[in-house]
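Written below as C-alpha cells is the structure these notes are about.
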Amino acid sequence: MGTVVNRQQAEAWNDWEGVHWAEHPERYDGMMGSFNAPLFEAAGIRPADRVLDIGCGTGQTTRLAARHAPRGHVVGIDISAPMLERARRDAASEGLGNVTFEQGDAQVHPFPGDGYDVLISRGGVMFFGDLVAAFTHLGGALVPGGRLAFLGPQPGGPDSAWSRATAALGPFMREASPAARGMGSLLEPVRIREILTQAGFADIGIAPCSGPMTLGADADDAAAFVFAMGPTRHNLRDVDADTVARVRAEVREALREFETPDGVHVPGAVWIVTATRPRRDA
C-alpha cells in the first residue's frame, strides 16, 4: 500500500468496520444515494476527463464517474483492502474498462502531478489527520484549472430527523467508533473554506443539499441496519442483551415515522463543496 500517515484510519477500515461496509455496500449506498446526482452536477465531469475518487470505498461513485467519462479514466483510491476488493469485483461485473482502484493513503499517495481533471469524494476527505496537508497534496494532482467536488455532513441537532429516529441510542453513543473518527472534521463552512484556502484552492463554493437517506425496507429492517453500523456496535459492545433489545425496539418504533411504501427514508443534509486549482497565469 505504500506510505501511510493515517495509521489509525488504516487499521480501522481494514478491520471489522471496513469488512461490514464491503459485505453490505447496498446499505451504505442507499444511505447516500440521493446525494450522488448533486455531487456529480457539482463535479461537472466531461466525457474525456481523468477523475480521482478519494476515499472511494466500495466504488459506487467511481463507477458512476466512469459512466460520466466514457472516453476518460477514473481512479478510485481507498485505504481499505476489503472495500477495494468489493469495488473491483463490482466494476468488473458491470464491464467497466475505464476504472482502476488503488489502495493507499490519499494524504501522501504518490499521485502523478497534474494527473487529473476532476477530484471527487463522497465524504472520504473527512478522515485525514492533517486536512491542510492532505488537500495541498491532492491539489498537486489536479491540472491547473481542475475542479474539486466533495460532500460532507451538515452538523446535526437534537431536532433533526436522525436524532428523533435514534433518540433511544443517544445516552449510549459516547464516542466515535474507530472508523468514524474524523467524521466531524468538516462540518462548518467557515472551517471548510479556511482549510481549502490554506491548501491553495480558489473559487470555493459551499452549498447545502438535502435528501432522503434510505435505511431499509421497513422499520424493522432499518433498525437492524442501524444496530449493525459501526458506531452503534462499538458503543453497545459492553451493554447487556436485555438493554440492547429494549433500545432496539424503541428505535424501531421511532423509525416508523419515516416508513413509506418504498422504504424507510430519513431526511438528511450535507454540504456540497466545490473549488478549483488556480491556473498558473492567474
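Residues: numbered from 1 along the sequence shown.
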State whether the side chain of Arg88 and the backbone N or O of Phe101 hold a donor-acceptor pair below 3.5 Å, judged by distance alone. yes
Taking all atoms of both residues into account, what is the closest heavy-atom pair of Arg27 and Phe225, and its distance? CB-CE1, 3.4 Å
Checking side-chain contact (heavy atoms from CB on, under 4.5 Å) for the pair Thr61/Asn36: CA distance, chi angles, key distance, verdict? CA-CA 7 Å; Thr61 46; Asn36 288 337; 3.9 Å; yes
Counting heavy atoms not belonging to Glu194, are there more than 12 under 6.0 Å from its CD? yes
Is it the case that Glu17 and His234 place a side-chain donor and acceptor less than 3.5 Å from each other? no
Which donor-acceptor pairs under 3.5 Å do the side chains of residues 267-274 make with protein atoms, sequence neighbours left out?
{"unit_1": "Trp271", "atom_1": "NE1", "unit_2": "Leu187", "atom_2": "O", "d": "2.7"}

May I ask whether Trp162 and Val247 are part of the same hydrophobic cluster, defined by side-chain heavy atoms of I, L, V, M, F, W, Y residues being less than 4.5 angstrom apart, directly or through others? yes
Just wondering, do His137 and Gln107 contact through their side chains at under 4.5 Å, heavy atoms? no
Side-chain touch Leu119/Arg277, heavy atoms, less than 4.5 angstrom: no
Mind checking what makes side-chain contact (heavy atoms from CB on, under 4.5 Å) contact with Ala217, not counting sequence neighbours? Asp221
Short question: side chain of Asn14, backbone of Ile79 - any donor-acceptor pair under 3.5 Å? yes
Test: Arg86 and Asp78 ion pair at under 4.0 Å: no
For Cys56 versus Thr62, what's the shortest heavy-atom pair and its separation? CB-OG1, 3.3 Å
Main chain of Val132, side chain of Thr136: is a donor-acceptor contact present, judged purely on distance under 3.5 Å? yes
Does Val5 reach the side chain of Phe128, with side-chain heavy atoms less than 4.5 Å apart? no
Any side-chain heavy-atom pair from Met173 and Pro231 closer than 4.5 angstrom? yes
Which residue pairs pass the salt bridge (charged side-chain N to carboxylate O under 4.0 Å, His left out) test when at least one of the two sits in residues 257-275, sequence neighbours left out? Arg164-Glu257, Arg256-Glu259
Treat each ILVMFWY residue as a node, draw an edge where side-chain heavy atoms are under 4.5 Å apart, and state whether Val19 and Trp13 are in one component. no
For Met126 and Pro153 the tightest heavy-atom approach is SD-CD, 3.2 Å
If you group Ile, Leu, Val, Met, Phe, Trp and Tyr by side-chain heavy-atom gaps below 4.5 Å, do Tyr28 and Phe227 land in one group? yes
Are the side chain of Asn235 and the backbone N or O of Ser177 linked by a donor-acceptor pair below 3.5 Å? no
So Ser185 and Leu131, do their side chains get closer than 4.5 Å, heavy atoms only? yes
Do any N or O atoms from the side chain of Ser121 and from the backbone of Phe150 form a donor-acceptor pair under 3.5 angstrom? no
Kindly give the cluster partners of Leu64, where membership spreads through any ILVMFWY side chain lying under 4.5 Å from a current member. Phe40, Ile45, Val51, Val74, Val118, Ile120
Applying side-chain contact (heavy atoms from CB on, under 4.5 Å) to Ala48 and not counting sequence neighbours gives Arg71
Heavy-atom distance under 4.5 Å between the side chains of Arg147 and Asp203, does that happen here? no
I want to check something: taking the side chain as every heavy atom from C-beta on, are Leu138 and Phe111 in contact at a cut-off of under 4.5 Å? yes
CA sep, side-chain torsions, deciding dist, call: Glu11, Arg181, salt bridge (Lys or Arg N to Asp or Glu O under 4.0 Å): CA-CA 12 Å; Glu11 292 173 3; Arg181 292 169 194 169; over 6 Å; no
Under 4.5 Å between any side-chain heavy atoms of Phe135 and Ile195, yes or no? yes
Under the salt bridge (Lys or Arg N to Asp or Glu O under 4.0 Å) test, which residues partner Arg233, sequence neighbours left out? none
Checking Asn98 side chain against Ala69 main chain: does a donor-acceptor pair fall under 3.5 Å? yes
Taking all non-hydrogen atoms of both residues into account, name the closest pair between Ala106 and Ile54 and its distance. CB-CG2, 3.9 Å
